[in-house]
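Treat the numbers as computed from the prediction; the structure is a model and nothing was measured. By convention in this document, chain letters (A, B, ...) are assigned in the order of the sequence lines, proteins followed by strands, and residues within each chain are numbered from 1.
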There are 2 protein chains.
Amino acid sequence: MTEQAIPATEQGRPDAGSGADRKARHGAAAAGKPATIYDVAHAAGVSHQTVSRYLKGFEGIRPETRAKVERALAELDYRPNLTARSLTTGRSRRIGALTHDIDKYGPSKILGAASAAARDAGYVLDVVTLDTTDTASIREALAIIAEHDVEGILALSSTDEMTHAFEGIDFRVPALIAAEPDEPSRVQSQLATVGMPALVAHLAQLGHRRLIFLAGPHHWSAARNRTRALQVAAETQGLEVAAILEGDWSARSGHELIRDLPEVDATAIVSANDQMALGAVLALSERGLDVPGDVSVTGIDDLPDAAFYTPPLTTLRMDLSGRGRAAFAELLSRIDGSEAHEPEPVQSELIVRSSTGPAPR
Amino acid sequence: MTEQAIPATEQGRPDAGSGADRKARHGAAAAGKPATIYDVAHAAGVSHQTVSRYLKGFEGIRPETRAKVERALAELDYRPNLTARSLTTGRSRRIGALTHDIDKYGPSKILGAASAAARDAGYVLDVVTLDTTDTASIREALAIIAEHDVEGILALSSTDEMTHAFEGIDFRVPALIAAEPDEPSRVQSQLATVGMPALVAHLAQLGHRRLIFLAGPHHWSAARNRTRALQVAAETQGLEVAAILEGDWSARSGHELIRDLPEVDATAIVSANDQMALGAVLALSERGLDVPGDVSVTGIDDLPDAAFYTPPLTTLRMDLSGRGRAAFAELLSRIDGSEAHEPEPVQSELIVRSSTGPAPR
DNA sequence: GCTGGCGATGTTACCGGTAATATCTCGAAG
DNA sequence: CTTCGAGATATTACCGGTAACATCGCCAGC
């Protein structure tokens, strides 16, 4: 299948003889280099455009032509060069993903789900991590992403800095922050209407009347969302919020907040995530308080590990994977202009385990 | 391919004035479209090649020309188009990253570190996740990555399937699996020579003589590595390994393995990671056994949360970030052919907390 | 039998860069 | 005063695709 096998069929050139080696490159695809559509076209004895048409699924190709192309394609193990394609079409099939705390469960879970959804849609995620949370470093990361010619931008952590960095930038491509789907809420938050009330009701039913809330960092919209939901639910159901303490999502911060409390004047601690709850449980036991004997503790998220904490944690299960998928789907619909089917509201479900029990006398 | 067809008019004409609109596109960068070097060249009144030279840092440009280019560059807020550049240079500044379990702490931590290292080197990571561990799906993911024209490929989980999928494929670019740096070991594993012996010595010193090992899944090279290290250390120090039970890294598996044990005939449980240790602790307490009063438990990794388990977990801290950075550095050196400076051996350090204590009588 | 129309395919232009080559300008040497 | 050479800059080709346009062959209609 080498070059000279195609005799004088060379298209429009009169001097068929000597011209044969002029484009030796397109003969038997040179050493190791991936085959191009020109190689395929040459091997099939058609024009590159015919190959391109075939690849696009164009119907009007005669069966015998089609067969030749298919054979050449298979023989040369052709793989399209996305770079070249993207240069003309502007479609790079790449999405920029922006995140810090990728080693934290939430963002990485969302990332994983978004990435899987992306792969199914033929996209890959260009991940750029942030060292710090300041707006400047976010802007820099955005610049890197922009150079890489992505079709959309997805931010995986919804902090104020992120929101701020996104404002006033002309991305030229769709960009969105994968926030909890309810914030800021157009529709009523499912967490606020169902999940959190259920959690609070659970505590109320156990006789608790006073609780301490461990909040997430205030610059995260998800944290504010959860705090607000708790406040509303507690008020509605007549529970008193003795204190709202702000942590940073980490177990360490949950531990420190409870450890440094002058006194634990509540029978329940509600934490904005599971990890702070984990730290709180440890701090309580260090203070000689039993969970759930003296104090009940709850989390939010339902990490896979939360079922195996000692004691297993009562928590609100949040569908983070769904959030990642939904975020990607939303972005995708904005990219190709298709109608975004209303995202199914993310469910939060109360999971009762042994970290909650009857309030002590 | 004959090119004499060129209208001949364009070339040498000196009529600078009227030609201005010939390429109106390159005038005031059309609506929203990013500026190209042609736009910049036009604005600066030089050729696009001069702009390209400037961008490459070429020295021999006259100061006044340089100034014009700089001004135009700033004015148009020029950003290079990586896609176009990569088409000619073949350098896409992209690395394909392959992973499953991205929501697990280990892989995501490694990914985060690799991504940060990549960003510092001007690269981004194209992340493709895997649903399953089978070779076929890995191959498919590799095909996706290959189309996206990456300069190197990094696999973040070192399972046998991954190794197998990598064999016999001509990637045309460097590819490596981010294994624990010691496996298969050219140099002696630091875990085997320092970390694990220290852990075992710690237990021996507390009077333990019999232990149960919770191993990771055997198809992970890291799991085999850890198992072997434990066996050697135990034998060397005269401790008996009562059983080796294989889990899947998850807390759930650790819990099940210990829960289903007919009897716990050992005074210590050594787990191949922290999460299985977490599950083991819960199972022990459900069996009425106190940690560390009746049984001591240790992990490996030192997850951020491990210090806040109840009780806080004695573990071997592994430098996963270092591993991610090292993997990327190694890949990068293979890409640009530079000499790979010998990777610093990843340290493992014994962290003693309260999940270990004196062996009971 | 000429011509219009259409289906199938080929040719050229273009995307935005970089590499290779050509041209232009000037100062120094002959 | 030429000529030469080197530095500075401009022109052209090319990367591998897609889009737009051109061409070719064949059949139907007048």
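Here the options are Arg334(B), Arg91(B), Arg94(B), the test is side chain to side chain donor-acceptor pair (under 3.5 Å), and the partner is Glu151(B); only Arg91(B) passes.
Here the P atom of nucleotide dA20(D) and the CZ atom of Phe58(A) are 13 Å apart, to the nearest Å. Between the P atom of dG17(D) and the CZ atom of Arg53(A) lies a distance of 16 Å, rounded to the nearest Å. Taking atom NE2 on His42(A) and atom P on dG10(C), their separation rounds to 13 Å, with Å as the unit. Taking atom CG of Leu87(A) as the reference point, atom P of dT18(C) lies 12 Å away to the nearest angstrom. Gln49(A) has its CD atom 17 Å from the P atom of dC24(D), to the nearest Å. Atom OH in Tyr54(A) sits roughly 16 Å away from atom P in dA8(C) (whole-Å rounding). Rounded to whole angstrom, the span from the NE2 atom of His148(B) across to the P atom of dG17(D) amounts to 14 Å. Protein atom OH of Tyr38(A) is 8 Å distant from nucleotide atom P of dG17(D), rounded to whole Å.
Using a 4.5 Å cut-off on side-chain heavy atoms (C-beta onward), Val46(A) and Val69(A) make contact.
Counting non-hydrogen atoms under 4.0 angstrom, Thr65(B) reaches the backbone sugars and phosphates but no base. Ser86(B) comes within 4.0 angstrom of no nucleic acid atom, judged by non-hydrogen atoms across all strands. Across all strands, Leu82(A) comes closer than 4.0 Å to no nucleic acid atom at all (heavy-atom distances).
Between Lys56(A) and dG17(D), a side-chain N or O to OP1/OP2 separation shorter than 4.0 Å is absent. One finds no side-chain N or O of Thr36(A) lying less than 4.0 angstrom from the OP1 or OP2 phosphate oxygen of dG16(D). A sub-4.0 Å separation between OP1 or OP2 of dT18(C) and a side-chain N or O of Ser52(B) is present. Using a 4.0 Å cut-off, no side-chain N or O of Arg62(B) falls inside it from OP1 or OP2 of dA8(D).
Annotation: of the two residues near DNA chain C, Ala84(A) and Arg66(A), the 5′-most nearest-nucleotide partner is Arg66(A). Between Thr88(A) and Thr50(B), it is Thr50(B) whose nearest contact on DNA chain D lies nearer the 5' terminus.
Pairing each heavy atom of Asp126(B) with each of Val124(A), the nearest pair is OD2-CG2, 3.6 Å.
Side-chain atoms of Ile37(B) lie closest to dG17(C) of the nucleotides dG17(C), dT9(C), dT12(C).
Between atom NE2 of residue His48(A) and atom NE2 of residue His42(A) there is a gap of 15.0 Å, rounded to the nearest 0.5 Å.
Residues Asp149(A) and Ser86(A) bring a donor and an acceptor atom of their side chains to less than 3.5 Å of each other.
At a cut-off of 3.5 angstrom, the base of dG17(D) holds no donor-acceptor pair with the side chain of Arg91(A). Taking 3.5 Å as the limit, the base of dT12(C) and the side chain of His48(A) contain a donor-acceptor pair of atoms between them.
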